[in-house]
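Please read the structure below before turning to the comments.
Throughout, a chain's letter reflects where its sequence line sits, starting with A, and its residues are numbered from 1.
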Amino acid sequence: MNHRGGWALIKRSWASWLQYRSFFFVLAFGWMIPPLIYLFVWTTASEPAPIAGLTPPQFVAYYLVLILVNQLTFAQTNWTVGDVIRMGSLNSWLLKPMSPLYNAIASEVAGKIVMMAFVVPVSIILAIVLRPELTTTPTQVVLCCVALSSAWLLRFFWGLWLACLAFWATRADALLALQDALIFLLAGVVAPVALLPSAMQTIARVLPFYYMVGFPVEVLTGQLASSEVATGFVIQAAWLIVAVVLYRLVWRSGLKRYSAIGG
Amino acid sequence: MTNSQIQVNHLVKTYQVPVREGGLRAALRSFARRQYDTVEAVRDVSFSIEPGEIVGFIGPNGAGKTTTLKMLAGLLHPTSGEVRVADHVPWERRPEFLRTISMVLGNKSQLIWDIPALDTYRVLGEIYHLTSTAYQQQLDELVELLDMRELLTKPVRNLSLGERMKCELVAGLLHRPQVIFLDEPTLGLDISMQGRLRRFVLDYNQRHGATVILTSHYMADVVALCPRVMLIHHGRLLYDGGLADLAARLAPFKLIRVGLSNGHTDFSPPSGVEILQHEDDHLELRVARAAAPAIMAQLLNTLPVIDLVVEDPPIEAVIDQIYQEGAAVLKTAEPPTGASEEGAL
Amino acid sequence: MRYLRLIKYFMLSSAQADLAYRANFAIGLLNSLLNLIVGVLGLAVLFSQVNTLNGWTFASTLALLGVYLTISALRGWFIGPSLEVLAGIEGDVWSGRFDFTLLRPINTQFFVSVRQWNWFALIDLALGLGAIGVATVQSGGAQPLSFLVAATASVAVLYAILLIFTALVFWSPGLLFTWVFDAIMQLARYPIGIYPGWLQFVLTWIIPVAIMTTIPATALTGDIQPMSLMGGVALAVILFIAASVLFRLGVRRYNSASS
């Protein structure tokens with residue numbers, strides 16, 4: 001392990017990415033829009049009468065938190081790691097005396113910080129304009145932080161193993177489009193999962209996508225019973241283990257293939 | 001001066017570039033507010049070029065060569081000064097003007113990556129409004145000259161660098177331009193491919209009388225192609241004339257290599273001769289350019305010479321000297337006294 | 001005539017480039033289907049909870065989605081691919097390849113607007129038109145002529161806005177203005193009435209994406225006002241002229257500022 005090298009890399013990535021700040025602001029802006037649309041859709045729809053017990057200000061709160069969570073957990077590795085493998089610049093990573101995982105984490109952390117510089121102010125302004133209603137307890141805040149951290153880890157490793165598929169198929173990014181669609185439909189973006197038709201709801205609660213975005217949001221907004229929170233944590237942890245194992249498997253055999261073919 | 005192909009008067013170009021320093025703090029500062037530096041890329045440059053000339057622009061990186069080239073091609077507005085190319089003001093970018101010029105860049109491709117070059121050529125033929133006979137004829141001629149018929153139908157991405165450069169040249173010359181700007185055309189190519197492209201440019205220039213302006217960091221390109229060179233440094237035109245004269249002005253010396261018959265190792269130098277090397281029966285001497293003929297005669301008379309070679313210092317060394325030391329070299333260099341007519345190298 | 005022939009050649013060479021990657025067809029099909037499915041499922045989820053959204057029924061919202069998908073498809077067919085060549089960190093303006101564009105003896109705006117064609121976008125077009133068809137049958141009372149006029153005006157507005165965003169690249173070559181637009185364009189998937197007043201104002205007057213989908217969609221459901229149709233056409237003309245002027249200014253800036 002080479003922590004000093006890793007930290008230097010993070011600092012350097014941050015410095016150079018600040019110069020591309022507009023690029024990241026645009027990315028962050030684009031990612032904000034779909035939840036924002038459904039914020040307005042559901043607040044309008046729930047105006048005549050609350051839907052599933054949620055009033056317009058509660059929908060505002062749900063979606064504003066979701067925007068933040070979505071930005072914090074968004075897996076950039078899909079693009080950073082995947083592109084590096086596709087473009088053949090992985091060699092320079094492999095030549096460094098530290099794990100390439102650091103490169104992934106460095107770009108992850110650096111990118112997230114730059115994007116937060118955009119998303120947090122915008123969210124605050126939206127909160128002032130749209131007046132959310134959020135009642136939460138300290139326990140919920142703590143639980144949400146835990147759920148959020150493991151949601152980030154889950155999405156990071158999930159994105160990483162998908163990105164590593166680029167070792168086999170140069171067009172593996174098609175799978176990423178599929179994943180984006182699933183996250184949109186099942187992770188709580190198109191609607192809070194409780195509002196989905198029952199079949200979709202069951203699928204959503206089994207697949208990992210809800211635990212990447214919607215789960216931490218609902219832990220904070222208190223939409224879940226404590227038994228649901230407990231099961232949620234168990235399923236989330238299980239998927240996290242699966243994701244890490246998949247990543248290690250795919251990365252190792254991918255690297256073997258990469259060195260066999262010669263990049 | 002109206003019949004000059006290219007006429008440049010007092011050309012100036014300045015622009016502003018953001019300043020960036022290393023380190024996190026500097027990045028944060030430039031995040032908040034960018035600072036700009038004014039760069040004088042081209043300062044008061046004047047020259048004229050006649051139809052059919054081949055002129056080499058030389059100078060170190062960032063000297064202003066490419067900026068000048070771009071202003072001649074109409075890609076850049078000058079800050080001040082006048083330019084006429086083929087009786088047009090380039091930056092008005094009139095279609096008639098654009099049809100008479102062409103620019104080939106060694107480091108940028110104008111071909112479409114995923115399809116064969118031939119298909120790019122068809123589109124270009126259409127863009128340049130060529131009749132189908134003219135298109136076919138000109139394409140055939142270029143393909144013949146470059147011997148590249150088999151490359152036409154391969155996707156560009158599958159071509160080697162040298163093959164791609166051939167295709168770029170065809171793309172650039174398909175509309176038979178009168179003025180051709182070649183920016184580093186041999187960049188990254190192997191020796192034989194470089195030679196091949198040089199012969200092609202010369203051939204093409206002689207066939208069609210096209211005016212060619214070339215920039216290159218390979219002196220061999222310039223030596224082989226350009227009877228006239230312009231040396232640009234820090235945005236100024238430091239020298240405009242023959243390459244041999246440039247060498248003579250900068251390095252007013254000749255190198256003489258002498259081989260003596262077996263066993264004769266004594267040698268006492270005549271005045272004005274500097275011995276660079278003396279190994280047994282082999283001598284390497286440096287003499288003033290003007291004194292060279294006399295000293296050669298003296299050597300031949302007094303020594304058992306079996307071999308004698310007179311050389312100019314290598315051009316790369318001369319150019320390197322300018323790049324390193326800048327304009328000072330040219331100013332202090334003696335004007336050529338007995339300007340030699342024999343070609344450099 | 002000459003420019004029409006040029007378009008033909010651009011189309012042909014783009015088709016060749018597309019066909020070089022056969023796998024892209026399957027991926028394009030997958031993406032298009034996902035796009036449609038996500039859109040329709042989104043509506044289905046919404047209308048499983050409510051009957052109308054701010055006065056819009058399922059059928060009229062589907063018509064809106066159909067118009068959105070169709071216009072996006074036209075954009076993806078040639079406007080987007082052509083203009084995107086200029087923008088971005090690998091783009092022509094940033095890398096300086098735009099020089100070659102400027103050296104061509106044809107109208108620069110025309111050239112940058114039609115030189116790339118993405119034929120896979122026709123899948124999107126078919127799906128979008130399909131959604132429009134279904135919505136029209138469900139609601140009845142469509143006004144085909146008004147729809148055609150409104151849709152043409154919308155495409156012109158879209159082109160003009162994209163050209164404006166692209167022209168901004170000359171001031172900030174790395175910035176992906178068309179991405180910003182893509183994001184904002186998504187807001188047009190839903191009736192403009194659901195947004196708060198200030199956002200409605202922005203989407204109507206500043207970046208008029210809402211108009212692009214709403215006017216043709218109301219023509220489909222038969223609720224269109226003659227005034228809004230005329231307004232749409234007028235907007236298209238004004239924006240087209242403004243965009244052309246801005247683009248020309250951008251090219252001039254490139255001419256004087258690049259190195």
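Scanning residues 186-195 of chain C against chain A with a 4.5 Å non-hydrogen threshold yields C/Gln186, C/Leu187, C/Tyr190, C/Ile194, C/Tyr195, sorted by number. Close approach to chain A, defined as a heavy atom under 4.5 Å from one of its heavy atoms, is seen in no residue of residues 201-211 of chain C.
For A/Met32, no part sits under 4.5 Å from any heavy atom of chain C, backbone or side chain. Contacts of C/Asp182 with chain A are absent, with no heavy-atom separation under 4.5 Å from either backbone or side chain. Heavy-atom distances place the side chain of C/Val50, and not its backbone, under 4.5 Å from chain A.
Per-residue heavy-atom pair counts under 4.5 Å with chain A were compared for C/Leu41, C/Thr52, C/Leu199, C/Val38, and the maximum is reached by C/Val38. Comparing A/Ser46, A/Pro48, A/Ala45 by heavy-atom pairs within less than 4.5 Å of chain C, the highest count is held by A/Ala45. Comparing A/Tyr38, A/Trp42, A/Phe184 by heavy-atom pairs within less than 4.5 Å of chain C, the highest count is held by A/Trp42. Comparing A/Leu185, A/Val190, A/Val129, A/Ile37 by how many heavy-atom pairs each has under 4.5 Å with chain C, the most go to A/Ile37.
When every heavy atom of A/Leu130 is checked against every heavy atom of C/Pro196, the shortest pair comes out as CD2-CG, 4.4 Å. When all heavy atoms of C/Ala183 and A/Ile33 are compared, the pair lying nearest together is O-CG2, 3.1 Å. Considering all non-hydrogen atoms of both residues, C/Val180 and A/Val26 come closest at CG2-CG2, 3.7 Å. Minimum interatomic distance between A/Ala191 and C/Val45 (heavy atoms only, all atoms of both residues): CB-CG1, 3.8 Å.
Between the CG atom in A/Leu195 and the OG atom in C/Ser48 there is a gap of 7.5 Å [rounded to 0.5 Å].
At least one side-chain heavy atom of A/Val41 sits under 4.5 Å from a side-chain heavy atom of C/Leu46.
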